[in-house]
Amino acid sequence: MPPYTGWIAADLPDNRAIAEAFQLLGDLLQLEGADRHRVLAYHRAATRAREEARPLAELALQGRATEVADIGTTLQAKIVELAETGRIAALETARERTPEGLVEVAGLRGLGPKRAMAAHETLGVASLRDLGAALHDGRLADVPGFGKGTIESIGEQLAERAMRAAAPGGERIPLGRGLLIARRLSRELAEAPGVISVDIAGSLRRGRESAHDVDLVASEEHPGAAAAALGASPGSVGDDGVTHARAQAGDGTWVELIAGPAESHGNRLQHATGSAAHNVRLRERAVRLGLSVSQHGIVDADGVRHVHADEAGVYRALGLPDIPPELREDRGEIEAALRDELPQLVRLEDLRGDVHIHTDWSDGRDSLEDMVVAARARGYAYVAISDHSPRLRMARGLDERRLRAQWEAIADVRERHPDITILRACEVDIVAEGLDFEDDVLAELDFVTASLHSGFALSGRELTERVLRAIRSPHVDSIGHPTGRMLGKRDAAPLDIGAIAEAAATTGTALEINGQLNRLDLDADNARTALDAGATLILSSDAHSVMGLDFVENSVLVARRAGAPPDRILNATADLGGRLLAP
DNA sequence: GCCGTTTTCGGCCCGACTGTTTTCAGTCG
């Protein structure tokens with residue numbers, strides 16, 4: 001069977017549809033007060049379906065969906081039912097019993113299944129709209145469990161939702177900006193009196209694309225030192241000296257801090273890094289070992305609490321190797337760790353060069369020589385000067401005449417900096433006719449990155465064809481920011497990543513993980529697809545200034561989330577995959 | 001409903017916080 005490419009037979013439900021059905025069924029059962037473990041089973045299966053790369057409907061029809069964790073024979077049968085009849089009877093009857101609109105009601109902060117159902121049973125509330133009406137009439141106060149504070153909070157949330165509906169905006173913090181804030185705050189905090197060390201935790205540490213707040217973990221000499229430095233009052237101080245604090249940074253970002261003694265720093269860091277699902281799995285395993293895990297330490301069967309100064313100690317106590325944060329998503333990493341099969345993930349220090357950078361010859365801010373010096377200072381063995389091709393007028397793309405002039409400038413800089421290999425390169429546009437330079441020009445370049453910068457109105461099929469043509473060009477070494485997405489501005493082009501990854505694997509063309517804050521393209525899921533297909537990745541900063549070279553750190557984070565080892569990263573090789581040896 | 005280096009049945013994470021309560025259930029991460 002060919003690898004899954006995202007396009008499957010039109011009459012089968014895709015994994016997203018399966019996930020939605022299980023999610024809703026779980027939500028409705030939860031409202032009805034079903035056994036919470038049964039509810040959890042549906043929600044877990046929904047998460048699994050969302051993340052599974054293979055088409056579950058096909059698997060289920062072959063009787064193989066139970067190979068996927070959290071999917072047993074009952075859920076497999078429901079997937080088959082959905083595939084064959086287009087519906088799941090259990091879901092339809094649950095919908096008849098319980099209004100679907102209550103799911104949203106239960107989703108409000110401070111509400112949950114119990115209070116949502118109380119409102120339904122007392123006042124007949126079946127939707128957010130009903131809830132708003134009951135609020136205005138003053139009837140909500142009649143519902144058991146609805147006090148003054150809860151009702152006030154509901155009012156605020158409904159008003160907020162109405163505002164957001166009028167002006168939608170992402171309230172989650174994108175990874176790049178989140179990391180900048182987190183690094184600044186943790187640096188400042190670490191220098192405060194009484195604070196010993198600070199680590200970034202939460203989804204930022206795991207490299208998720210966005211976070212809802214910044215999580216920090218500190219060790220301190222006395223309770224409250226770190227919270228005070230953050231300008232927050234510590235909440236309650238536990239008998240082991242652990243405090244929680246919450247504060248708002250200057251730009252409105254919420255920061256959550258857990259601080260305590262250095263000897264239990266590892267327990268707090270492990271706890272606050274998550275993910276929630278990973279921690280649940282970890283604690284389940286601990287229970288089987290007769291242990292109880294929390295942010296305060298690990299309690300053994302005799303009730304004795306053990307603390308750990310570093311995270312590795314926590315995992316060691318559970319019989320596991322230190323699992324990299326980027327893998328802690330309950331996607332089988334604990335099982336892999338038990339089998340000693342965790343991938344060796346690429347690290348920033350594995351990178352030997354950056355082959356996608358711009359200078360002031362096109363739309364970069366710094367000079368060619370400044371960029372080379374900065375690359376050298378980072379310890380790179382090579383750097384590729386890859387300014388834009390002529391079609392990108394607004395970026396002052398180079399035509400052939402200016403490109404050749406740049407080669408002379410490169411020759412000059414090479415003489416002054418013999419300790420780094422400077423490649424003649426180009427980020428050439430992928431255009432309707434093929435590429436934005438003739439083959440004879442491309443053949444003279446040391447490295448060619450081909451990128452989509454236009455044509456995003458075309459169909460996924462047409463754009464995929466364009467990219468495939470670029471991949472098959474013997475002159476193209478890598479595909480830059482393959483899907484062309486701009487976070488918050490433009491969605492990823494609907495490319496057939498499976499087909500692109502397969503072609504790239506065949507030709508040896510690298511697929512880029514672009515580290516620009518608004519790109520992060522490929523994303524971790526697509527990068528994993530590329531790796532599964534056998535393709536090589538390349539990690540690039542796409543720097544437009546000396547400072548911009550740092551963006552490659554974001555690429556590394558995304559690559560690690562995808563499970564990429566250094567030997568699958570083109571610019572982690574000393575000779576750039578043999579290209580530096582060519583005459 | 002899932003799952004098994006103690007189990008094919010009987011378990012299935014932990015603690016903080018909140019607001020509503022008269023001692024704690026529900027919610028959150």
Side-chain angles (χ1 to χ4, degrees), chain A residues 22 25-26 29-31 33-49 65-79 88 90 94 105-119 141 143-154 157 201-203 206 211-215 217 234-240 242-246 254 256-258 260 267-268 270-299 301 305 314 318-320 330 334-335 338-339:
Chain A
F22 286 164
L25 186 43
L29 288 173
Q30 187 172 31
L31 284 163
D35 175 71
R36 64 192 175 97
H37 302 294
R38 191 166 159 234
V39 172
L40 189 65
Y42 276 105
H43 285 161
R44 275 186 171 158
T47 303
R48 202 61 74 176
T66 53
E67 290 172 13
V68 177
D70 300 324
I71 293 183
T73 51
T74 307
L75 289 185
Q76 170 163 277
K78 286 190 162 62
I79 297 173
I88 298 175
V105 173
L108 292 180
R109 271 192 313 278
L111 295 194
K114 290 291 187 293
R115 288 190 180 129
M117 274 312 259
V143 183
F146 282 61
K148 193 162 155 271
T150 303
I151 291 172
E152 220 168 84
S153 160
I154 290 171
Q157 290 181 72
S203 51
R206 301 200 311 279
H212 83 274
D213 60 12
V214 170
D215 290 298
V217 172
S236 60
V237 181
D239 52 11
D240 59 352
V242 171
T243 69
H244 294 250
R246 203 169 142 76
W254 280 103
E256 206 149 318
L257 172 75
I258 307 182
N267 301 98
R268 290 192 299 283
Q270 195 288 317
H271 169 84
T273 297
S275 65
H278 171 87
N279 284 354
V280 166
R281 286 291 194 210
L282 202 67
R283 290 172 189 148
E284 283 174 358
R285 170 177 166 72
V287 167
R288 286 200 293 277
L289 297 173
L291 304 169
S292 172
V293 177
S294 79
Q295 61 266 51
H296 300 290
I298 300 181
V299 177
R305 184 189 302 277
V314 178
L318 299 172
L320 293 166
D330 184 28
I334 292 175
E335 294 80 357
L338 284 168
R339 293 193 305 267

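A, B, ... follow the sequence lines: proteins, then strands. Residue 1 opens every chain.
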Go nucleotide by nucleotide along DNA chain B from the 5' end; which of D213(A) and R288(A) gets its closest nucleotide reached first?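 Per heavy-atom nearest nucleotide, the more 5' residue is R288(A).
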Where each residue is assigned the nucleotide of DNA chain B containing its nearest heavy atom, which of V293(A) and H271(A) is assigned the position nearer the 5′ end?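 Per heavy-atom nearest nucleotide, the more 5' residue is V293(A).
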Tell me whether the side-chain N/O atoms of [X] come closer than 4.0 Å to OP1 or OP2 in [N].
{"X": "T74(A)", "N": "dC2(B)", "answer": "yes"}
{"X": "T73(A)", "N": "dG1(B)", "answer": "no"}
{"X": "H296(A)", "N": "dA16(B)", "answer": "yes"}
{"X": "S292(A)", "N": "dC14(B)", "answer": "yes"}

Please classify the nucleic acid contact of [X] as base, sugar-phosphate, or nothing, using heavy-atom distances under 4.0 Å.
{"X": "R115(A)", "answer": "sugar-phosphate"}
{"X": "V39(A)", "answer": "nothing"}
{"X": "L40(A)", "answer": "nothing"}
{"X": "L25(A)", "answer": "nothing"}
{"X": "G274(A)", "answer": "nothing"}
{"X": "L282(A)", "answer": "nothing"}
{"X": "Q295(A)", "answer": "sugar-phosphate"}
{"X": "V280(A)", "answer": "base"}
{"X": "A69(A)", "answer": "sugar-phosphate"}

For the side chain of [X], counting heavy atoms from C-beta on, which of [options] is nearest?
{"X": "K114(A)", "options": "dC12(B), dT20(B), dT27(B)", "answer": "dT27(B)"}
{"X": "H244(A)", "options": "dC13(B), dC2(B), dC17(B)", "answer": "dC17(B)"}
{"X": "V287(A)", "options": "dC2(B), dC13(B), dG1(B)", "answer": "dC13(B)"}
{"X": "R109(A)", "options": "dC28(B), dG1(B), dG15(B)", "answer": "dC28(B)"}
{"X": "D35(A)", "options": "dG1(B), dT27(B), dG15(B)", "answer": "dG1(B)"}

For residues I88(A) and F22(A), report the shortest heavy-atom separation together with the two atoms involved.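 Taking every non-hydrogen atom into account, CD1-CE2, 4.2 Å.
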Where N267(A) and S294(A) come nearest, the two heavy atoms and their spacing: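 That would be CB-O, 4.2 Å.
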Which value, in whole Å, describes the distance between the [atom1] atoms of nucleotides [N] and [M]?
{"N": "dG11(B)", "M": "dA16(B)", "atom1": "C1'", "result": "25 Å"}
{"N": "dG15(B)", "M": "dG10(B)", "atom1": "C1'", "result": "25 Å"}
{"N": "dT20(B)", "M": "dG26(B)", "atom1": "P", "result": "14 Å"}
{"N": "dT22(B)", "M": "dC17(B)", "atom1": "P", "result": "23 Å"}
{"N": "dT21(B)", "M": "dA25(B)", "atom1": "C1'", "result": "9 Å"}
{"N": "dG29(B)", "M": "dC13(B)", "atom1": "C1'", "result": "12 Å"}
{"N": "dT8(B)", "M": "dC3(B)", "atom1": "C1'", "result": "9 Å"}

Test V242(A) against H296(A) for side-chain contact (heavy atoms from CB on, under 4.5 Å), laying out the working first. CA-CA 8 Å; V242(A) 171; H296(A) 300 290; 3.9 Å; yes
Pair partner, dC9(B) [Watson-Crick or wobble, under 3.5 Å]: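 Pairing partner: dG4(B).
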Could you tell me whether dT7(B) is syn or anti, where syn means a glycosidic angle within 90 degrees of zero?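 Syn, since the glycosidic angle lies within 90° of 0.
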Do the non-hydrogen side-chain atoms of D70(A) and T47(A) ever get within less than 4.5 Å of each other?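 Sidechains of T47(A) and D70(A): no contact.
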Is there side-chain contact between R206(A) and H278(A), with at least one heavy-atom pair below 4.5 Å?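 No, every pair of side-chain atoms sits at 4.5 Å or beyond.
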Going through the distances and angles, do V105(A) and R115(A) end up as a side-chain contact (heavy atoms from CB on, under 4.5 Å)? CA-CA 9 Å; V105(A) 173; R115(A) 288 190 180 129; over 6 Å; no
Under-4.0 Å salt bridge between R48(A) and D330(A):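 Yes, this pair counts.
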Integer-rounded Å distance: dG4(B) P and L338(A) CG: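 About 12 Å, once rounded to whole Å.
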